[in-house]
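Just so you know, these numbers come straight off a predicted model, no measurement behind them.
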Amino acid sequence: MASTTTLTTAFPAGRSVRPTRLGRTVSVEAGARLCEEGGRADRFWIIRTGTVTLDLRVPGRRAAVIESLGHGELAGCSWHFPPQRWRLAGEALSPVRAWEFDADAVRELCAGDAESGGAVAARVGGVVAHRLHAARVRLLDLYGPRGSGSGSGL
């Protein structure tokens with residue numbers, strides 16, 4: 001999958017406002033939770049350094065790690081889709097430096113520029129499709145019949 005840092009360049013050159021102006025650099029300690037499943041999705045991150053794991057609650061078991069994210073990857077997609085509630089949880093596996101974005105401000109920026117808003121939606125949608133597949137494969141690996149998670153696609 002292509003680097004999701006292209007999310008920050010979805011706004012065509014020459015636009016006076018770009019989402020990178022809405023972000024701020026943050027540091028997150030190893031073991032800190034970035035978001036919790038079901039919580040309000042009011043921000044998202046693009047990872048600069050470190051690793052973030054995404055996990056999903058599984059009733060009667062501990063949370064299943066779905067995917068690990070690193071440099072250039074988007075952590076958090078739920079901010080883009082109503083009702084803006086986290087569908088997965090995220091935790092810093094190692095110390096993380098990231099650009100953190102205010103979701104309301106980015107949605108407002110996208111609403112004011114249909115071309116750029118469409119480009120951001122397409123990029124976030126691509127990440128969601130990838131994560132859905134990753135979740136399917138991982139859960140089949142953990143709980144399905146042997147070899148059932150090794151499928152090639154949706």
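- The minimum heavy-atom distance between R33 and A89, with the atom names listed, is NH2-CB, 3.0 Å.
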Stepwise, does the side-chain contact (heavy atoms from CB on, under 4.5 Å) test hold for D55 with I66? CA-CA 5 Å; D55 60 63; I66 299 301; 5.7 Å; no

Is there a side-chain contact (heavy atoms from CB on, under 4.5 Å) between L139 and L56? Walk through the geometry before answering. CA-CA 10 Å; L139 292 174; L56 176 68; 3.7 Å; yes

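- Of the N and O atoms on the side chains of T49 and R97, not one donor lies less than 3.5 Å from an acceptor on the other residue.
- The backbone N or O of T51 sits less than 3.5 Å from a side-chain atom of S94, completing a donor-acceptor pair.
- Residue G76 comes nearest to W86 through the heavy atom pair CA-CZ3, 3.5 Å, listed as atom of the first residue, atom of the second, then distance.
- Going from atom CZ of R85 over to atom SG of C35 covers 12.5 Å, rounded to the nearest 0.5 Å.
- Side-chain contact check for R24 versus V26: some heavy-atom pair is nearer than 4.5 Å.
- Between R131 and E67 there is a salt bridge, with a side-chain nitrogen of the basic residue lying less than 4.0 Å from a carboxylate oxygen of the acidic one.
- Distance check, rounded to the nearest 0.5 Å: CG of L74 to CD1 of I46 gives 6.0 Å.
- Classification of R107 and D102 as a salt-bridged pair fails, no side-chain N sitting under 4.0 Å from a carboxylate O.
- In this model, a donor atom of one side chain and an acceptor atom of the other lie less than 3.5 Å apart for E100 and W45.
- Of all the heavy atoms in A75 and I47, the pair that sits closest is CB-CD1, 4.4 Å.
- Residues Q84 and W79 share a closest heavy-atom pair of CG-O, 3.2 Å.
- Note that CG of L88 is 12.5 Å distant from CG of L34, once rounded to the nearest 0.5 Å.
- S78 places a side-chain N or O within 3.5 Å of a backbone atom of R87 that can act as its donor or acceptor partner.
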Residue pair L142, R61: steps toward the side-chain contact (heavy atoms from CB on, under 4.5 Å) verdict: CA-CA 11 Å; L142 291 172; R61 300 178 185 255; over 6 Å; no

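- Side-chain atoms of E91 do not come within 3.5 Å of backbone N or O of V52 as any donor-acceptor pair.
- Relative to the six-membered ring of W99, R48 meets both conditions, a distance below 6.0 Å and an angle of at most 45° to the axis.
- Of all non-hydrogen atoms in A41 and A103, the two that sit nearest each other are O-CB, 4.2 Å.
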Would you sort out whether V58 and Y143 count as a side-chain contact (heavy atoms from CB on, under 4.5 Å), showing the intermediate values? CA-CA 10 Å; V58 178; Y143 308 115; 3.9 Å; yes

